[in-house]
Amino acid sequence: MIKYFTRLKKKRVYSWVGRAAFMDRKLQSLAYGGIYVKADGDLTGSYIRCGDCILIESDDTGQPYVAKLLKLYDDGTEVHRIKRAVVQWFVRFEEIPAGKRKLLSRDPDPHEIFLYDVGNCDNDINAETIIGDIKVVQLSPDQVFQKEKNEHVLFVKLSWNGKAFKPLTKCMLPSRNGSSPMQEIADKVSQQNSLKLNFCSPKDGSCDFDIIPTSAACSSNKASHSLTKSKNSDIEIESKHSASKHSHSKDRSSLRSATKNSTPGARKKLQLTSPSKSPGSKLTRQDVLAQLFDDDAFVESVGSTVAKRKVAFDSCDSPTKKSLDSQSSEMSNHCISPTSQKSSVKESTDLIAAASTKLRKATPGKARSRDAFSSIIDGICELKNHEEEDCTDADQLSKTRNMTTPAKHESTSKKGCRSSTRIKEMEDTRREIRLSSSKTCRKSVLKGAAHLMEQISILNDSSEDEDEDFSPDSCSSEEEDEEQEEDAARSKIDQKKKSHQGHVPSTPKSSQKSSVSITPNRMRTPRTPRTPHNATPRIPCRNQPVRKPGSVLEEARARCMYISGVPGTGKTATVHEVIRCLQHASEQDELPAFQFIEINGMKLTDPHQAYAQILKMLTGQKATADHAAALLEKRFSTPSPKRETAVLLVDELDLLWTRKQNVMYNLFDWPTRKSAKLVVLAIANTMDLPERIMINRVSSRLGLTRMSFQPYTYKQLQQIITSRLNRLKAFEDDAIQLVSRKVAALSGDARRCLDICRRATEICELTQNKGTRLVGMVHVMEALDEMFSSPFIMAIRTASVQEQMFLRAIIAEFRRLGLEEATFQQVYQQHISLCRIEGLQPPTMSETMAVCLRLGASRLLLTESSKNDLHMRVRLNVSQDDIMYALKEE
Amino acid sequence: MSKRRTKETSLTLGECISQVQDILRKRFCLQKLNGRPFGMESQHKHLLELLKRTAIQGESNSILIVGPRGAGKTMLLNDVLNALLEVKQVRENVLEVHLNGLLQTDDKIALKEITRQLQLENVVGDKVFGSFAENLAFLLEALKKGNRSSSRPVIFILDEFDLFAHHKNQTLLYNLFDISQSAQTPVAVIGLTCRLDVLQLLEKRVKSRFSHRQIHLLNSFNFQQYLKIFEEQLTLPEDFPDRRFSQEWNQNCQSLSKDQTVKDVLQKQFNSSKDLRSLHILLAYLF
């Protein structure tokens with residue numbers, strides 16, 4: 001593969017080519033036909049026109065991105081004008097998640113790229129990231145790759161939609177002069193643009209209308225730009241639109257502006273900004289057409305939806321809602337009355353907007369449904385506009401509708417039904433919440449395991465969804481209420497998904513279910529090491545915790561989680577288990593792919609090295625800690641649509657403490673960024689670590705999502721041993737119970753428990769060579785003794801006579817002084833007199849000093865290491881009673 | 001050549017004495033002792049079994065040998081390692097890393113030393129390059145890549161183990177024990193220390209990863225056994241060239257240990273300290 005240098009040190013200069021055309025006068029955005037890129041060292045530079053294929057600076061990999069330039073424009077909303085470009089992405093084989101690469105079932109050509117056809121991709125980029133142009137040649141699926149000498153030619157054969165490779169249809173011909181349908185569409189768009197622009201031009205005059213800030217206009221403006229703000233309404237809707245709709249909606253907007261129908265009133269209600277998450281482009285004519293119809297279909301579906309809502313609202317007597325119902329049913333029947341009063345229109349717009357927001361909240365899960373939402377909103381806007389538009393427009397709409405094929409009708413009606421049921425369910429849930437909110441909340445938490453699959457997808461989307469994540473009616477309600485709603489809504493989504501995908505046999509498996517799978521019952525000797533990291537595919541007694549991180553992760557708000565617990569309680573193992581489940585799920589395509597990275601505070605030499613390690617694991621780049629911090633900062637603050645969500649596990653968090661705490665601060669700050677796509681799980685031993693060592697701004701970012709692992713009880717330990725034994729009868733039941741009770745009383749550390757068992761089996765093996773007897777109480781007792789008995793007593797008993805005498809002298813001196821400390825000189829006096837009593841030859845001072853230091857070396861005594869003279873202070877490291885007990889028995 | 005063969009049977013007295021001096025100096029000054037150390041049979045068996053399991057079956061382990069100075073910890077370990085290396089399969093396979101708390105005073109030096117002794121890729125000649133962080137990451141990566149069946153087992157011997165516990169954050173110990181707890185490259189971590197309270201020095205997360213196996217070497221013999229050790233250390237081996245001379249020598253040794261003055265001296269020594277090294281030093285003065 002060719003290596004390009006993306007981080008060119010030389011600066012590039014960008015300049016527009018061709019005359020600027022007003023794309024949107026209100027927004028002051030200007031469209032251009034081409035851009036001239038000139039690098040510092042390069043004399044000629046290169047001229048890039050719309051429709052060319054270009055290379056774009058990538059943020060983390062060595063290879064630049066490839067894309068086709070669709071449009072160039074100048075964003076006038078900022079103080080400094082920014083050159084922007086709309087592109088259709090291509091992916092290299094290396095950019096496809098490793099798990100999905102096998103789907104290609106052949107070796108990719110080194111020059112092969114794929115059309116990126118994924119729905120939620122940001123295709124609006126900064127034009128100054130363009131490196132240069134490249135030639136892309138389309139090959140038909142059966143065509144062989146040519147041996148091209150020129151390295152700057154790439155081939156495209158297939159498209160990649162995030163799930164599968166699909167052959168490209170004929171329309172994709174990204175050659176410069178190609179007149180592909182795509183090109184045609186683009187041309188059409190530009191024509192329409194120019195048409196519209198002409199229309200808007202001041203020459204045409206004294207028209208005092210504003211261009212409606214429709215999705216098209218807005219989506220071309222990446223920066224969220226509030227056009228107008230109403231004084232009394234707090235409703236803001238931010239919608240997303242697929243790029244493929246661009247042409248279509250632009251089309252429509254141009255038509256609309258042509259009919260001189262603007263609705264200042266309605267516009268005031270809406271702040272339409274779109275970060276334009278777009279799924280590349282639909283390529284075929286049919287697709288574009290389908291997209292066109294889709295919107296209309298959704299208009300219709302909204303109609304039916306609202307009709308259904310009537311049922312849902314039966315119990316409610318709110319007059320406004322009724323009016324909405326009547327109104328929307330009117331809409332759905334195309335009986336749009338231009339005479340409807342403006343105030344009621346406003347009211348209904350409010351309600352529709354509220355409903356759509358609710359809806360959006362309800363299904364954060366799937367890209368498709370999100371698309372559906374945006375289209376619903378689209379539809380709603382449309383309807384709203386229609387209300388005040390004159391008949392011509394309505395005619396147009398109906399004309400478009402008439403074009404819809406019957407088959408399409410069927411599918412759209414189906415979709416409509418679905419969304420209507422969704423709404424109904426939403427309403428039900430909401431009512432339920434009102435009645436028993438706490439109950440639902442708990443239920444949703446308990447559902448965690450089943451949610452495991454959803455959560456990553458939510459996380460994946462949430463970064464994009466976040467700006468939509470507030471509901472208009474939450475302004476009045478309290479925060480708690482909102483969260484409960486979300487919870488309940490999510491649980492409902494699961495139900496919905498189940499009901500929708502009823503035909504799919506593989507519903508998300510819970511960790512409990514997967515744990516049922518029997519581990520291969522190999523005949524292992526019981527002492528075979530089965531360590532927490534690798535041994536069993538499941539963690540016994542941690543079902544609840546396994547479920548919980550899932551459910552906690554699921555809350556899109558909480559991107560950090562703190563897990564605490566004493567050593568050996570299965571914290572890391574549980575997280576690994578959860579990740580394994582999720583990875584399995586993502587392999588099965590139930591979840592979007594995600595990246596799991598792990599750092600351990602203990603495996604770092606310095607807290608700042610965390611940056612370097614994270615960067616290395618994320619991108620494979622090597623950098624110094626400072627540089628890595630800067631790169632990560634950049635990575636997490638710039639949106640990159642193709643990037644996978646990353647789950648970062650930080651083990652032994654307390655070691656990342658620095659005086660300024662900037663490492664911890666950054667770790668917990670990144671996930672709060674909108675574009676970071678990062679989840680941080682932090683593990684440490686102490687429960688109150690955030691309160692104890694973190695300063696406020698750090699602990700506040702960590703949030704309150706905490707989980708603490710309790711030490712294992714003896715029953716759990718028993719279960720762990722039994723599961724590790726894997727139904728191998730090697731231990732007497734009493735022995736297992738003894739081990740588990742002993743460990744539970746001491747520390748509740750599962751590692752200890754297993755170590756004792758291992759030692760016990762060794763002892764058993766050593767003691768009897770013949771026959772296979774079980775490990776019994778005796779062996780366990782011996783193992784326990786070996787591990788937990790204090791060596792001090794034995795050490796005193798086996799000490800030499802003089803050493804024992806010296807200890808006695810110390811006790812005698814302590815008793816005389818009434819202190820727990822004496823100088824060597826004082827003890828020596830006692831020592832001499834004791835020797836005389838015992839009839840031993842008194843040792844010399846230096847001999848006694850040697851004795852004293854020997855005892856000090858084995859830490860029976862505590863001596864001052866700095867001072868080896870007569871005034872050296874001596875203390876005991878063992879209790880006096882222990883010494884007396886040890887010496888008495890002789 | 002023929003001359004030497006005749007000399008094998010009967011050496012001159014002077015030659016005999018010089019040979020005896022040679023043997024005994026080797027014993028007392030270079031610690032190449034005669035036979036197995038006394039009273040350590042069970043510990044010897046335990047340790048050998050444990051190391052065999054690492055070397056042959058690839059189980060990871062960690063163990064501490066605790067005992068006062070001069071109790072024979074290093075002697076025991078060396079003896080076990082020699083016994084282990086007699087197995088051909090082990091000799092080809094096992095890697096040994098010797099560290100000493102007095103030499104490797106911090107983790108940075110220790111890591112370089114480990115990398116050097118393992119002859120990993122980033123060793124150039126006899127020097128290790130790269131920063132501390134790089135070395136740690138590299139070493140951990142190297143050890144992590146291994147698995148139970150295919151990697152060569154590594155035996156880490158940490159002399160003056162208690163000093164390693166004073167290193168910052170106990171990073172080295174944590175990582176070694178963590179490897180021994182997880183299924184990575186099979187390692188055996190053997191710590192030698194004279195501090196009886198060594199476990200209290202370990203941080204709790206390090207302690208949790210340590211297997212809590214300990215061998216206590218305490219001089220648990222009485223004076224009679226002490227005398228026997230004394231005698232044994234002076235006895236000439238069976239394969240001494242001049243048989244007649246060695247028999248005479250050994251008989252004299254026995255009578256020496258029964259002599260009252262010798263007994264008094266030894267009793268005094270025994271009372272003061274039971275450790276065998278001081279006995280060796282005492283005996284070394286004789287030759």
Side-chain angles (χ1 to χ4, degrees), chain A residues 527-535 566-568 600-606 609 612-613 616 622 625 652 655 685 747 749 751-752 755-756 758-759 762 765-766 786-788 790-792 794-795 797-803 805 840-841 843 847-848 850-851 854-855 857-860 877-878, chain B residues 42 45-46 49-50 53 57-61 66-70 107-108 111 131-137 140 148 162 168-171 174-175 178 180-184 194-198 204-216 218-221 268 270-275:
Chain A
R527 58 171 164 64
T528 321
R530 318 187 92 211
T531 44
H533 290 278
N534 69 329
V566 293
N600 188 326
M602 269 298 209
K603 295 181 179 171
L604 303 171
T605 51
D606 174 80
Q609 285 295 323
Q613 290 233 337
K616 197 178 170 208
K622 267 189 183 176
E652 315 290 0
L655 286 165
N685 290 138
S747 59
D749 187 337
R751 289 195 191 106
R752 196 70 328 98
D755 281 334
I756 294 170
R758 211 169 137 188
R759 181 69 192 130
E762 279 175 24
E765 228 171 63
L766 276 178
E786 220 179 83
M787 287 181 167
F788 293 109
S790 160
F792 283 113
M794 266 317 278
R797 279 188 192 159
T798 57
S800 71
V801 178
Q802 292 295 342
E803 285 162 357
M805 199 68 81
L840 289 167
Q841 195 190 353
E847 277 170 349
T848 320
V851 165
R854 262 204 301 276
L855 290 173
S858 56
R859 284 300 188 279
L860 281 166
N877 197 27
V878 210
Chain B
S42 68
K45 199 173 170 189
H46 181 185
E49 193 70 18
L50 190 110
R53 222 167 280 144
Q57 293 169 23
E59 288 179 28
S60 291
N61 258 316
V66 187
R69 295 217 182 277
D107 285 345
K108 194 175 172 177
L111 278 179
S131 71
F132 180 28
E134 280 170 18
N135 281 336
L136 179 67
L140 289 177
R148 201 180 142 191
D162 48 318
K168 191 188 161 219
N169 291 340
Q170 306 187 344
T171 311
Y174 177 92
N175 287 311
D178 198 48
S180 80
Q181 280 280 330
S182 49
Q184 300 174 2
C194 64
R195 280 188 70 162
L196 297 171
D197 61 345
V198 67
K204 57 184 187 235
R205 53 189 150 214
V206 181
K207 199 172 165 184
S208 166
R209 283 167 174 78
F210 170 58
S211 73
H212 277 66
R213 287 158 193 266
Q214 292 182 66
I215 292 178
H216 294 293
L218 303 162
N219 300 312
S220 54
F221 40 78
K268 197 174 171 237
F270 178 74
N271 279 353
S272 149
S273 138
K274 272 173 155 182
D275 86 51

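For clarity, every value in this text was computed on a predicted model and none was experimentally measured. Every chain is numbered from 1, with letters handed out A, B, ... down the list of sequences.
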Does the side chain of [X] reach to within under 4.5 Å of the side chain of [Y], using non-hydrogen atoms?
X        : Y        : result
A/Lys603 : B/Asp178 : yes
B/Asn219 : A/Thr798 : no
A/Val566 : B/Lys204 : no
A/Arg751 : B/Arg209 : yes
A/Phe792 : B/Asp197 : yes
B/Pro68  : A/Arg854 : no

Looking only at heavy atoms, what is the nearest atom pair of [X] and [Y], with distance?
X        : Y        : result
A/Leu604 : B/Thr171 : O-CG2, 4.4 Å
B/Lys274 : A/Ala799 : NZ-O, 3.9 Å
B/Cys194 : A/Ala857 : SG-O, 3.5 Å
B/Ser208 : A/Arg752 : O-NH2, 3.3 Å

Where on [X] is there a heavy atom nearer than 4.5 Å to chain A: the side chain, the backbone, both, or neither?
X        : result
B/His212 : both
B/Lys45  : side chain
B/Phe210 : backbone
B/Val206 : side chain
B/Arg195 : both
B/Leu196 : both
B/Asn271 : both
B/Asp275 : side chain

Working to the nearest 0.5 Å, report the span between CG of B/Leu218 and OG of A/Ser858.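 Interatomic distance, B/Leu218 CG to A/Ser858 OG, rounded to 0.5 Å: 9.5 Å.
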Side chain to side chain contact (heavy atoms under 4.5 Å, CB included) evaluation trace for A/Glu652 with B/Arg205: CA-CA 9 Å; A/Glu652 315 290 0; B/Arg205 53 189 150 214; 2.7 Å; yes
Largest heavy-atom contact set with chain B, pairs under 4.5 Å, which of A/Met805, A/Glu786, A/Glu847, A/Arg759: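 The candidate making the most pairs under 4.5 Å is A/Arg759.
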Those residues that, when tested against A/Lys616, pass salt bridge (Lys or Arg N to Asp or Glu O under 4.0 Å) (two or more places apart):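 A/Lys616: no salt bridge (Lys or Arg N to Asp or Glu O under 4.0 Å) contacts found.
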Counterpart residues, salt bridge (Lys or Arg N to Asp or Glu O under 4.0 Å), relative to B/Arg213 (two or more places apart):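 Checked B/Arg213 against salt bridge (Lys or Arg N to Asp or Glu O under 4.0 Å); matches are A/Glu762.
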Given side chain to side chain donor-acceptor pair (under 3.5 Å), test B/Ser211 with A/Asp755 step by step and report yes or no. CA-CA 6 Å; B/Ser211 73; A/Asp755 281 334; 5.2 Å; no
A/Arg758 bridged to B/Glu59 by N-O distance under 4.0 Å: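 Salt bridge between A/Arg758 and B/Glu59, a charged N being under 4.0 Å from a carboxylate O: yes.
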Taking A/Ser800 for its side chain and B/Ser272 for its backbone only, find out whether a donor-acceptor pair lies under 3.5 Å.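 Such a contact is found between A/Ser800 side chain and B/Ser272 backbone.
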